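Note that the structure is a prediction, hence the values are computed from the model and not measured. Note that the numbering runs from 1 along the sequence shown for the chain.
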Amino acid sequence: MRRYGPAVLLALVGAAILRVSLFSELYLRYVQAGLRPYLVVSGAALVLLGAAVAVVTSRADEEHGHGDDDGHAGHGHRDDDGHAGHGHGDDDGHAGHGHGPGGPRVAWFLTLPALALLLFPPPALGSYSAEREAAQRATRGVGTFPALPSGNPVDLTLREFGSRAVYDSGRSLQGRTVRLTGFVTRDGDGTWYVTRLLVSCCAADATAAKAEVGGAQAPPVDTWVTVTGTWHPEGGLGSDAAWPPVIDARSVRQVPQPDSPYEKR
């Protein structure tokens, strides 16, 4: 049975990829939505490759008449003296052909990570990942931004809110009510933030965008919330004092984690 280890491992990894990409929206925890077709194709290819390896292994066993998993040789014919054929020992007296064909049983432990991914997909990145990142600011310099849509409140991403708060010379946030959605992070001094991770391709390149929340009690860390309020200007345009931007909260509402927890960078 150990000879089928590579086939089982390939099939488990492929099934795990298909589970998160084809049969659910869990893939959005790791990559952008546009990469879904590539995940589906790669998962299906791994499953098919695992099946092909299993078939080839099975045929090879039938053609060569391999022994059992403990490495006992087949061909139990005896010679004229009654000794088992093809079983002569080596110089140290060990029986010939005694090594198992499938490798050590401990190799089966390699299937455990794939099985865990299949049964228990890891959660999206949260406050721990955000806290490891230095404050990330928009790359554009100070300038005039396009006007915001009419009506209050206006929904903004954390990235857009931060860019306008720090770099917009037209002060387009002034006097507007905005709505931001993200998860809660907190400093050691009790200051808390509504935070979102930004990705270009996948979770591996994630960086953090956040806004300090004033005038409201902090929910538990990693809770997803929608904060509605107004921008509180601090510091000069483009200065370190302007980052992170501040929102004076009028309401803080707990919400479910969105299917796509990351913002596009």
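- Using a 4.5 Å heavy-atom threshold, the side chains of Leu156 and Leu180 count as touching.
- Listed by chain and number, the residues in a side-chain contact (heavy atoms from CB on, under 4.5 Å) with Val255 are Thr181, Trp224, Thr226, Arg253 (sequence neighbours excluded).
- Looking only at side-chain heavy atoms (C-beta outward), Leu237 and Tyr167 stay at 4.5 Å or farther from each other.
- When all heavy atoms of Leu10 and Gly50 are compared, the pair lying nearest together is CB-CA, 3.8 Å.
- In this structure, the side chains of His232 and Pro245 stay at 4.5 Å or more apart for every pair of heavy atoms.
- Partners of Thr57 according to the side-chain contact (heavy atoms from CB on, under 4.5 Å) rule, which considers only residues two or more places apart in sequence or in another chain, are Arg3, Tyr4, Val53, Asp61.
- For the atom pair Trp231 CH2 and Asp248 CG, the distance stands at 11.5 Å (nearest 0.5 Å).
- The side-chain heavy atoms of Thr195 and Leu158, taken from C-beta on, include no pair separated by under 4.5 Å.
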Donor-acceptor contacts, no H, no angles, side chain residues 39-46, under 3.5 Å, sequence neighbours left out:
residue : atom : partner : partner atom : Å
Ser42   : OG   : Tyr38   : O            : 3.1
Ser42   : OG   : Leu39   : O            : 2.9

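- For the pair Pro146 and Arg164, the minimum side-chain heavy-atom distance is below 4.5 Å.
- Residues Phe183 and Leu197 form a side-chain contact, since some pair of their non-hydrogen atoms from C-beta on lies under 4.5 Å apart.
- For the pair Val184/Pro220, no side-chain contact is recorded, criterion being any heavy-atom separation below 4.5 Å from C-beta on.
- Screening residues 169-184 for salt bridge (Lys or Arg N to Asp or Glu O under 4.0 Å) gives Asp155-Arg179 as the qualifying pairs, with residues at least two apart or on separate chains.
- The heavy-atom pair separating Gly182 from Val194 by the smallest distance is N-CG2, 3.5 Å.
- A donor-acceptor pair under 3.5 Å links the side-chain atoms of Ser163 to the main chain of Arg159, judged by distance alone.
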Side chain to side chain contact (heavy atoms under 4.5 Å, CB included) evaluation trace for Arg196 with Tyr262: CA-CA 6 Å; Arg196 202 75 176 255; Tyr262 308 125; 6.0 Å; no
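- Heavy atoms only, all atoms of each residue included: Gly162 and Trp243 are closest at CA-CZ3, 4.2 Å.
- Contact detail for Val47 and Gly14: the closest heavy-atom pair is CG2-C, 3.6 Å.
- Val178 has its side chain out of reach of Thr228: every pair of non-hydrogen atoms, C-beta onward, lies at least 4.5 Å apart.
- For Pro244, the side-chain contact (heavy atoms from CB on, under 4.5 Å) partners at least two apart in sequence or on another chain are Tyr193, Lys210.
- Rounded to the nearest 0.5 Å, atoms CD (Gln257) and OG1 (Thr223) are 11.5 Å apart.
- Listed by chain and residue number, Thr177 satisfy the side-chain hydrogen bond (donor to acceptor under 3.5 Å, both in side chains) test with Arg250 (two or more places apart in sequence, or in another chain).
- When all heavy atoms of Pro261 and Asp259 are compared, the pair lying nearest together is CD-O, 3.3 Å.
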